[in-house]
Amino acid sequence: MALSYQSTRGGEKGVTASQAILRGLAEDGGLYMPSEIPALSVSMEELAGMSYQETAYAVMKPFLTDYTEEELKDCIAKAYDSKFDTEEIAPMAKAGGMYFLELFHGKTIAFKDMALSILPHLMTTAAKKNQVDREIVVLTATSGDTGKAAMAGFADVPGTRIIVFYPKGGVSRVQELQMRTQKGSNTSVVAIHGNFDDAQTGVKRLFGDQDLAKELADKGFQFSSANSINIGRLVPQIVYYVYAYAKLLAHGEITDGEPVNVTVPTGNFGNILAAYFAKRMGVPIAKLICASNENKVLYDFFSTGKYDRNREFILTTSPSMDILISSNLERLIYLSTGCDGEKTRGLMESLSRTGAYTVDSEMRAFLTDFIGGYATQDQDGEMIKTLFQKTGYLVDTHTGVAAAVYQDYRKKTGDETKTVIASTASPYKFSRSVMEAIQGPKGEVDEFELIDQMSRLSGIPIPQAVEEIRTAPVLHNRECGKDEMKKEVKDILGV
């Protein structure tokens, strides 16, 4: 049987890849999952000689079964082109005994570019395949990076609109300016008075609002998502883990079949889940080290088997990880139940109702590939400073968390397995926090003065994505309460 998609909550089966990408979220509130995780059809030796674009095709084709070779290769060619500032797309840097997989060389200098450069092309191709004549309204919640990357991808794409909600005061200054200066007649940005979980919950509620869906359909609109709940976001993320292993092999850093660990700074769980999918496809990944900041709901989950969001929400210097409801964990939970939609739905209803759920012993046994760890803000800052002073390599605050968690894991376990760390953003995206980690408090120093100081100190050129917002006019000023998101969407769409 050809691979198809089904809801993690059991309500839908036999959905094509293009339909799943178009819908974003299943009607029963579940996330789409492939009916199987396919094995790689090419050897690591072959992959070692492939470009990023060729690797992307080899990895994505078995998942996107209703896209023709021509359609998929066209999407890949349009996505991974000169908008990335390195030919490798995802280069690897070695520093302090760690391998940093640099995922921030795209248009918005964060790892979200890796998937959001291709999602608009996958989605518009899917719309044509399914004879969709309504305008697609991409509705997205962001903890800082998804919003800008999604808007950059969808800006002025015919037949689409994009509306992004972000937590006011919960993102870095550069992240906020990147979103609020975004051009494109089809883009809208709204700051909500709440945190990321409020934004994400509100977006999910809008997806589940059947009356709103009918109202929009009557006006010629339909919702889709650019968040990592969309399978069209997750599948492209698998590519860079396969590519990373193949490049380590090509450069003689490992032998064919030698296991590696992967450490990922984790918020919504999509990035580390993609690494798990790569492992299931045949990449020799041993441990998946899930790095959290002080919002350590995932660390507690992997330590105890209980997921409990009933705790203080802490604003940190790694804001993309300031999350207490990690949506993509539902996909792993679903796999751990043996793909039991009813059981998964029960756990997710418990999370919605009580803010918590507990997995049974069989499910916990399934999760042993994952190790949870967390780093405090001080440990994060110390790692950034030490790594820079000892090696000259500069990382952002999220990558700092991952490196600190990995070093702690290595010290506690004695595990010397070579480890790839997902480096998820340019240090320029969090210039104030990074410069304060290295040099101490900066007081009232202007953000762009700090960026110039960082450039002089590190010798790393200031990315175009940062230079262009230095003088760009602010185009988006919308704000709303967390309970006013529906009203805001209708106002933007003129419904």
Side-chain angles (χ1 to χ4, degrees), residues 93 95-104 109-112 143-146 170-172 174-175 195-196 228 237 261-275 287-303 311-324 326 328-329 370-391 393-413 419-438:
M98 297 171 275
Y99 296 92
F100 291 91
L101 177 61
E102 295 185 347
L103 302 173
F104 53 77
I109 58 174
F111 82 99
K112 306 294 173 77
S143 53
D145 288 334
T146 290
V171 300
S172 81
V174 169
Q175 286 176 311
N195 59 40
F196 170 72
S228 52
Q237 290 181 275
N261 292 334
V262 172
T263 305
V264 185
T266 310
N268 221 14
F269 206 74
N271 202 3
I272 195 165
L273 184 67
K287 288 295 179 189
L288 294 140
I289 302 164
C290 178
S292 298
N293 63 17
E294 286 164 286
N295 291 290
K296 55 188 181 70
V297 65
L298 288 165
Y299 166 76
D300 291 341
F301 170 69
F302 286 116
S303 302
R311 61 184 71 203
E312 182 191 357
F313 186 98
I314 302 166
L315 289 172
T316 74
T317 52
S318 46
S320 298
M321 300 160 72
D322 292 348
I323 293 173
L324 295 180
S326 300
N328 268 290
L329 186 62
F370 290 85
I371 299 284
Y374 78 96
T376 64
Q377 202 147 281
D378 287 346
Q379 290 168 327
D380 181 14
E382 193 55 43
M383 173 53 68
I384 293 168
K385 181 180 181 178
T386 304
L387 190 63
F388 182 65
Q389 287 178 343
K390 287 187 175 176
T391 70
Y393 189 68
L394 192 60
V395 298
D396 86 296
T397 47
H398 303 75
T399 310
V401 167
V405 166
Y406 164 64
Q407 294 287 21
D408 184 58
Y409 164 80
R410 189 177 170 190
K411 193 168 148 190
K412 283 177 178 168
T413 63
T419 297
V420 172
I421 291 177
S423 185
T424 52
S426 163
Y428 282 103
K429 203 146 194 177
F430 304 94
S431 50
R432 181 171 297 277
S433 300
V434 171
M435 288 300 286
E436 289 186 343
I438 296 169

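All values reported here derive from a predicted model rather than from experimental measurement. The chain is numbered in sequence order, starting from 1. Atoms considered below: every heavy atom in the structure, side chains included; atoms not considered: hydrogens, waters and symmetry mates.
Judged by distance alone, with hydrogens and angles left aside, the side-chain atoms of T399 form a donor-acceptor pair with the main-chain N or O of T424 at under 3.5 Å. Here the side chain of E102 pairs no donor or acceptor atom with the backbone of A93 at under 3.5 angstrom. Checking side-chain atoms of N268 against main-chain N and O of S228 turns up no donor-acceptor pair under 3.5 Å. Checking side-chain atoms of S423 against main-chain N and O of L101 turns up no donor-acceptor pair under 3.5 Å. D322 places a side-chain N or O within donor-acceptor distance of the main-chain N or O of T316, the cut-off being under 3.5 Å. Not a single donor-acceptor pair under 3.5 Å links the side chain of H398 to the backbone N or O of A425. Between the side chain of N261 and the backbone N or O of K287, at least one donor-acceptor pair lies under 3.5 Å. Looking at T317, its side chain never comes within 3.5 Å of a backbone N or O of S433 through a donor-acceptor pair.
A 4.5 Å side-chain heavy-atom check between C290 and F269 finds at least one atom pair inside the cut-off. A 4.5 Å side-chain heavy-atom check between F370 and I272 finds at least one atom pair inside the cut-off. No side-chain heavy atom of P319 sits under 4.5 Å from any side-chain heavy atom of S143.
The minimum heavy-atom distance linking A402 with I421 is given by the pair CB-CG2, 3.8 Å. Closest of all the heavy-atom pairs between A422 and N271 is CB-ND2, 4.3 Å. The minimum heavy-atom distance between V171 and G144, with the atom names listed, is CG1-CA, 3.7 Å. Across all non-hydrogen atoms, the minimal contact from L315 to Q377 is O-OE1, 4.4 Å. Of all heavy-atom pairs between A403 and M98, the closest is CB-SD, 4.0 Å. When all heavy atoms of S292 and V401 are compared, the closest pair comes out as O-CG1, 3.4 Å.
Note that CG of D408 and CZ of R410 are 12.0 Å apart. Values are rounded to the nearest 0.5 Å. Here the CZ atom belonging to F302 is positioned 12.0 Å from the CD1 atom belonging to I289, to the nearest 0.5 angstrom. Atom-to-atom distance recorded for E312:CD and E294:CD is 9.5 Å, nearest 0.5 angstrom. Taken to the nearest 0.5 Å, the CG atom of D396 stands 7.0 Å off from the CD1 atom of I384. Taking CE from M321 and CG from D380, the interatomic distance works out to 8.0 Å, rounded to the nearest 0.5 Å. Atom OG of S320 sits about 4.5 Å away from atom CD of Q175, to the nearest 0.5 Å.
Y393 meets the ring-ring contact (aromatic ring centres under 6.0 Å, His included) test with F100; sequence neighbours excluded. For K296, the salt bridge (charged side-chain N to carboxylate O under 4.0 Å, His left out) partners at least two apart in sequence or on another chain are D300. The side chain to side chain donor-acceptor pair (under 3.5 Å) search around K429 returns D145, Q178, not counting sequence neighbours.
Here the options are N295, N293, T397, the test is side chain to side chain donor-acceptor pair (under 3.5 Å), and the partner is S318; only N293 passes.
Counting heavy atoms of neighbouring residues, nucleotides and ligands inside a 6.0 Å radius, atom CZ of F388 exceeds 12 of them. Residue-environment remark: OH (Y374) stays at or below the threshold of 12 foreign heavy atoms within 6.0 Å.
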Exercise for review: Any chance you could lay out the side-chain contact (heavy atoms from CB on, under 4.5 Å) test for V405 and Y299, step after step, and finish with the verdict?
Suggested key: CA-CA 11 Å; V405 166; Y299 166 76; over 6 Å; no
